[in-house]
Chemist: 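Dumping the structure here so I can ask a few things about it.
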Amino acid sequence: MAESRTEKLDPSRGVRITDSLTNEKVPFVPLEPGRVRMYVCGLTVYDDAHIGHARTYVSFDVIRRYLEYKGFDVRYVQNITDVEDKIIKAAEKAGVSHLEHSRKYTQRALGDLARIGIRDPDAFCKVTDHMDDIVALIEEIIENGLAYVSDSGSVYFDVAKKEGYGKLSNRSVKEMLAGARVEPDPEKRNPADFALWKAAKPDEPHWESPWGKGRPGWHIECSAMSERLLGQPFDLHGGGRDLIFPHHENEIAQSEAAKGTDFAKYWLHTGFLNVEGEKMSKSLGNFITVRELLERHAADAVRYFYVLTHWRSPIDFSEKGITEAAAALERLTRTREELDKRVSGHEQPVDRYLAVANAASDAEKRLFEATERFLSVFTAAMDDDFNTPEAVAALHAFAGDLRKALSDNGHVHKALWAYAHDAFIRAGRVLTLFQDAPAEAAGDKTLDAVMQALLKIRQEARERKDWATSDAIRDRLAEVGIEVQDEKTGATWRRAS
RNA sequence: GGGGGGAUGACAGAGAGGCUAUGUGGCGGACUGCAGAUCCGCACACUCGGGUUCAAAUCCCGAUCCCCCCUCCA
């Protein structure tokens, strides 16, 4: 039963995703037709967001955008972990309260991610807002006999009692103990048991519970909040690769133990980001925050760079890589700007049938066919496990067709341009591109008038072969970020990106 | 020790039995007063050794090398 490439990419087969639970590419069938509920593990707010976070959240942003593109009604929830050991330590070091510290970094980090052009999830949920849900969930697990309370007032999950524990990370309790890196703890029945609730030490932030003052363990918040906001089971659960074990493994154990149903239907894990070939870490001094990055590079170039690698693969961040990405994106941007001009003034809604109806000349037919071809290749690529590199390649191929069409002298009805433009822009937006307002003169009539006057003076200089003046005008404008280009039909200008 | 992912042209990076992406960079040409953009063309690939097949970068076996996880981490 050999399948050809074309069959494998048949759009009618729908979205296929690689599920970490089985490590296989499987058809995506949401639990409820037409609706997708997704949960992605978000930030622990003790420091600024870094470029590894951005990689992960761009990936899930694209996945969410594509599912919407396909017509699904997507509800995307992301947590904010604002109670955690690292925050306690960082706050202590900074000499501020735990709450003050986590608030500051919630604001900073979310702001930075938004500035890099990642769309906010439909809801963020904070651990401190869901203490009741967390306590209730722990009580359910205890009632079901899968957790126990220690003498000190902590609650531990009893790993040995959980059937199937280890199914996500593909390991058994026995193997984990053989690893021997787990410190035996007199409070635990089994060294692999993990805390659902930690009894508070003096001076630690704490909340009341049936087991005394304490705070939630690391994993329980995601089980509690996802159930509260999305129900259980829900469709997609995602996060960075490193979260497979122990975080997600433990979430599965807790949620299944509490509710007796499956937790999430599909698990998606993004590949890690390295910096110039090395693991990014504070000790190596190659730790790059989103803030720093945005001082040096345009957000859209960074997003393009991310999307150039498949979401499951490791990505090697490099200055050269971003520079190359910026150059490649520039090609698409130029094409987009030219295309924008062709549809300006076209007020009718974009309509495939209107486009078909007006595809009379060869030029029009070519444009229509190029658009159709692009749409099918783009969809096939994205259906295939959200293959963004292939989708970007398709965008470039289409851009090539579009540039040919743009330089064609044959008359092309605006409905065709609108159809092509819409396909190009919407696909680009799925890939997080083309978010910024077009960098042309449309919105700035005064500037355009000034530029036209300057270009006229320059044109006169050129006519008398006064190249010094002509070049001086061009060079001075380049210094202020305006590119002048001589075309056959006359000079044009644009803001350099 | 256990689990997992890789090795594709100068570089980045898809593809997964016959179609040999795409981009950046390089070279040559067209267009230009020059530049840019654009177009046309060229060069440079599938880690190694076996096997299966009419056909292998793609499947199988073996080797070498790299990376990640098993501890906080997106």
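Chain letters run A, B, ... following the sequence lines, proteins first and then strands; every chain starts at 1.
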Chemist: Distance only, no hydrogens: is a donor on one side chain within 3.5 Å (strictly under) of an acceptor on the other, for A:Asn250 and A:Tyr165?
Modeler: yes

Chemist: Would you say the side-chain atoms of A:Thr270 and A:Thr56 include a donor-acceptor pair closer than 3.5 Å?
Modeler: yes

Chemist: Can you find an N or O donor on one side and an acceptor on the other, under 3.5 Å apart, linking the side chain of A:Glu324 with the base of B:G23?
Modeler: yes

Chemist: Step by step, would you call A:Val40 with A:Tyr76 a side-chain contact (heavy atoms from CB on, under 4.5 Å)?
Modeler: CA-CA 8 Å; A:Val40 171; A:Tyr76 174 17; 3.5 Å; yes

Chemist: Whom does B:C65 pair with, Watson-Crick or G-U wobble, provided both distances fall under 3.5 Å?
Modeler: B:G6

Chemist: Using a 4.0 Å heavy-atom cut-off to protein, can you give one letter per nucleotide of nucleotides 30-41 of chain B, 5' to 3': B if the base is in contact, S if only the sugar-phosphate is, - if neither?
Modeler: -S-BBBBSSSS-

Chemist: Once the angle between the rings of A:Phe263 and A:Phe234 is folded into 0 to 90°, is it parallel (under 30°), tilted (30 to 60°) or perpendicular (over 60°)?
Modeler: perpendicular

Chemist: Once you apply the 3.5 Å cut-off to both distances, tell me the Watson-Crick or G-U wobble partner of B:C59, or none.
Modeler: B:G51

Chemist: Will you find, in the side chains of A:Thr81 and A:Glu221, an N or O donor that is under 3.5 Å from an N or O acceptor?
Modeler: yes

Chemist: Do A:Arg16 and A:Phe28 form a cation-pi contact, if we require the NZ or CZ to be under 6.0 Å from the six-membered ring centre and within 45 degrees of the ring's axis?
Modeler: no

Chemist: Among residues 41-53 of chain A, which ones have heavy-atom contacts with RNA chain B below 4.0 Å?
Modeler: A:Gly42, A:Thr44, A:His50, A:Gly52, A:His53

Chemist: Any strand counts, and the cut-off is 3.5 Å on both contacts for Watson-Crick or G-U wobble. Which nucleotide pairs with B:C42?
Modeler: B:G26

